[in-house]
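All values below come from the heavy atoms of this structure, side chains included, with hydrogens, waters and symmetry mates left out.
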Amino acid sequence: MFLQILQRTTSHEQTFNSYFLYQVCLSEVLEKIQLHLHLNPSEMLCCKRKSYYVAAACIFAFTLMILYYLWTQGHSLLPNITPQEGNLCRGELASNTITAIKGTRTFIIAPYFDNRKSKITRVIGIVHHEKVKDLFCWFCCQPDGEIYVSTAAIDVHSDRFGFPYGAADLLCSEPQNCDPNFVSISWEPKGNIDQLPRFEIKNRKPETLPIEFTVCLSPMFGNYSNVLQFIQAMEMYKILGAQKVIIYKNSCSQLMEKALEFYIAEGTIEIIPWPITSYLNVSSRWHFSMDTKDIGYYGQITALNDCVYRNMYKSKFVLLNDIDEIILPMKHPDWKIMMSGLQEQNPGAGIFLFESHVFPKTVYASTDIFNITSWNAVPGVNILQHIHREPNRKNVFNPKKMIVDPRKVVQTSVHSVLHAYADSVNVPIDIALIYHCREALQGKLPRESLIRDTTIWRYNSSLVMNVNKVLQKTVF
């Protein structure tokens, strides 16, 4: 019995909710002892004495044992509700996308209410995987005038790729009698809440999925200036069914700013400021061995996870890909029809993985038939010129990007979902592929070894017309 309780206590899912676990464990112990007393008191473990006083002593001793174990596992994991005078939510409301928690090597992005398994606040953040050991969640419960402090379970995502800092979920058990709208994160369970930034807990009131498809793009950085390909991608997304595109922007060129302003005014793009370079020494590479900085690829994984939760109750589907990638249907005219078929064939799936295929931007095809010579004056790549893709390489992993049901995702990486409440499906290339127009991966291949694939040209009429309209309002 005791071993079973210890196993439960050390389980990952129960750690952040240990107060309620303690109640469950204690009630089970009482029930077992009561059963033994009813059947045969002489068989009690405590010296086998036929005495209800001894049985009571056993209950008391066992309770102390459980309390001591829980205390040593995580300081005090019991909820700490402290009465305060006046308005509790006096801490300054965080207004930045990234907020540093002083002295903790912790950066908070946003908290989200998550009751898919239990009543918790899931705080998306970035932490140092070794240095951050203890964090506490401070909930202010209005209008009762109480503060609830719970220990955060720190879950650093497994796909850290060797960098010291990585995406993390801070899992905060919420009060039973309160639905807090704000939470603060601290390195200690006591102190003055006035000194802590407070964060609004999102997803408290789910919306009714007004959007069908939202595209979440990896961070825009490095003074990004590939204007033509960006506009083409935006117009392709809209043609295929996207109603919203989320961009985590670190930096871009002035001309790119004009294009962004156009799409913001149109209502297509939502910009999330991403000033990660103000806090960490970032790498533009994906692995620590390639570039020994604090965090990889401008915090890409953290941004993607935040985007999933940000749109969990706003969008039926979320696409996770890069700016130079398009999930391109091969059989269907758009994503809606394609996803309807995929869901019908895979009723238990919530994550759909699409193979990435490189269309080298150094291999050109003639586009004279489209009458788009004016595009030559626009900085960037013209995807209509690139219709040759590299063949698959033997024994080399073909990376994938995803369309997901965000309500089924717990944690995501770049090329797969790490934890989900649904199955993943690898979508065959004859259904769809990732059109990835970038530098060649097999640069020494002769042109005749490439595969001519004109699928993108199926959309040329609408694409050319729409891109011309945008260029007239932004560049020309």
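No hydrogens or angles considered: a donor-acceptor pair under 3.5 Å links the side chains of Asp169 and Gln411. When only modelled atom types and interatomic distance are considered, Asn181 and Glu200 share no side-chain donor-acceptor pair under 3.5 Å. No hydrogens or angles considered: nothing links the side chains of Ser253 and Ser225 as a donor-acceptor pair under 3.5 Å. With 3.5 Å as the limit, one finds no donor-acceptor pair spanning the side chains of Tyr263 and Glu270. In summary, the side chains of Ser218 and Asp322 do present a donor paired with an acceptor at a separation below 3.5 Å, with no hydrogens or angles considered.
A donor-acceptor pair is defined here as one N or O able to donate and one able to accept, closer than 3.5 Å; no such pair exists between the side chain of Asp306 and the backbone of Thr302. The closest donor-acceptor contact from the side chain of His287 to the backbone of Ser289 lies under 3.5 Å. At distances below 3.5 Å, at least one donor-acceptor pair connects side-chain atoms of Arg458 with backbone N or O atoms of Met330. Put simply, the side chain of Asp114 never gets that close to the backbone of Arg122: no donor and acceptor are under 3.5 Å apart. The closest donor-acceptor contact from the side chain of Lys238 to the backbone of Thr268 lies at 3.5 Å or more, if one exists at all. At least one donor-acceptor pair under 3.5 Å links the side chain of Arg160 to the backbone N or O of Phe163. Counting only distance, with no hydrogens or angles, the side chain of Thr104 and the backbone of Ile101 share a donor-acceptor pair below 3.5 Å. A donor-acceptor contact shorter than 3.5 Å is absent between the side chain of Gln385 and the backbone of Thr367. Side chain of Asn346 to main chain of Gly348: no donor-acceptor pair is present (N/O by atom type, distance under 3.5 Å, no hydrogens or angles). The main-chain N or O of Gly222 is found under 3.5 Å from a side-chain atom of Ser251 such that the two form a donor-acceptor pair.
Taking CD1 of Ile383 as the reference point, atom CD1 of Ile456 lies at 4.0 Å (rounded to 0.5 Å). Here the CD1-CD1 distance, from Ile109 to Ile126, works out to 4.5 Å after rounding to the nearest 0.5 Å. To the nearest 0.5 angstrom, Asn468 atom CG is 12.0 Å from Lys473 atom NZ. The distance from atom CG of Leu171 to atom CG of Leu135, rounded to the nearest 0.5 Å, is 11.5 Å. Separating the CD1 atom in Ile154 from the NZ atom in Lys133 is a distance of 9.0 Å, to the nearest 0.5 Å. Rounded to the nearest 0.5 Å, atoms CD (Gln195) and CD (Glu92) are 10.5 Å apart.
Pairing each heavy atom of Leu196 with each of Ser186, the nearest pair is CD1-CB, 3.8 Å. Nearest heavy-atom pair across Ile351 and Ala422 is CD1-O, 4.0 Å. The shortest non-hydrogen separation linking Asp291 to Ser283 is OD2-OG, 2.9 Å. Closest heavy-atom contact between Ile323 and Ala233: O-CB, 3.8 Å. Here the shortest heavy-atom pairing between Ala365 and His388 reads CB-CE1, 4.3 Å. What you find for Pro360 and Ala440 is that their closest heavy atoms are CB-CB, 3.8 Å.
Residue-environment remark: CZ (Arg438) exceeds the threshold of 12 foreign heavy atoms within 6.0 Å. When the shell of 6.0 Å around CG of Asn376 is examined, it contains more than 12 heavy atoms from other residues, nucleotides or ligands. Summarising the local packing, NZ of Lys293 is surrounded by more than 12 heavy atoms from other residues, nucleotides or ligands at distances under 6.0 Å. Within a 6.0 Å radius of CD in Glu188, more than 12 heavy atoms belonging to other residues, nucleotides or ligands are found. Residue Lys314 places its NZ atom among more than 12 non-hydrogen atoms of other residues, nucleotides or ligands, all under 6.0 Å distant.
Taking the six-membered ring where the residue is Trp, Phe139 and Tyr148 present tilted rings, their angle falling between 30° and 60°. Ring geometry for Phe161 against Trp286 counts as perpendicular: the plane angle is over 60°, on a 0 to 90° scale with 30° as the lower cut. Between Tyr237 and Trp335, the ring-plane angle classifies as tilted under the 30° and 60° cut-offs. Below 30°, between 30° and 60°, or above 60°: for Phe397 and His415 the angle between ring planes is above 60°, a perpendicular geometry.
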**Request:** Please assess His128 against Tyr165 for the test ring pair (Phe, Tyr, Trp, His ring centres under 6.0 Å), listing each intermediate value before the final yes or no.
**Result:** CA-CA 4 Å; His128 191 289; Tyr165 285 84; 5.0 Å; yes
**Check against salt bridge (charged side-chain N to carboxylate O under 4.0 Å, His left out), Lys361 and Asp324** = CA-CA 11 Å; Lys361 65 181 184 180; Asp324 56 359; over 6 Å; no
**Request:** Could you check Asp334 against Lys336 for salt bridge (charged side-chain N to carboxylate O under 4.0 Å, His left out), going step by step and ending with a plain yes or no?
**Result:** CA-CA 6 Å; Asp334 56 39; Lys336 185 172 184 177; over 6 Å; no
**Request:** Tell me, with the steps shown, if Lys258 and Glu261 meet salt bridge (charged side-chain N to carboxylate O under 4.0 Å, His left out).
**Result:** CA-CA 5 Å; Lys258 283 189 174 182; Glu261 288 170 4; over 6 Å; no
**Asked** For Ser315 and Leu209, what are the C-alpha separation, side-chain angles and deciding distance, and is it a side chain to side chain contact (heavy atoms under 4.5 Å, CB included)?
**Response** CA-CA 5 Å; Ser315 187; Leu209 302 181; 5.9 Å; no
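Salt-bridge check for Arg204 with Glu174: passed, with a basic side-chain N closer than 4.0 Å to an acidic carboxylate O. Looking at Arg407 and Asp405, a side-chain N of the basic residue comes within less than 4.0 Å of a carboxylate O on the acidic one, giving a salt bridge. Electrostatic pairing of Lys249 and Glu257 counts as a salt bridge here, judged by a charged N lying under 4.0 Å from a carboxylate O.
With respect to Trp274, the ring pair (Phe, Tyr, Trp, His ring centres under 6.0 Å) criterion is satisfied by exactly one of Phe221, Tyr248, Phe107: Tyr248. The only member of Tyr313, Tyr309, Phe199 that meets ring pair (Phe, Tyr, Trp, His ring centres under 6.0 Å) when paired with Tyr112 is Tyr309.
In summary, the aromatic rings of His386 and Tyr364 are positioned with their centroids under 6.0 Å apart. Side-chain rings of Phe370 and Trp457 approach one another, their centers coming within less than 6.0 Å.
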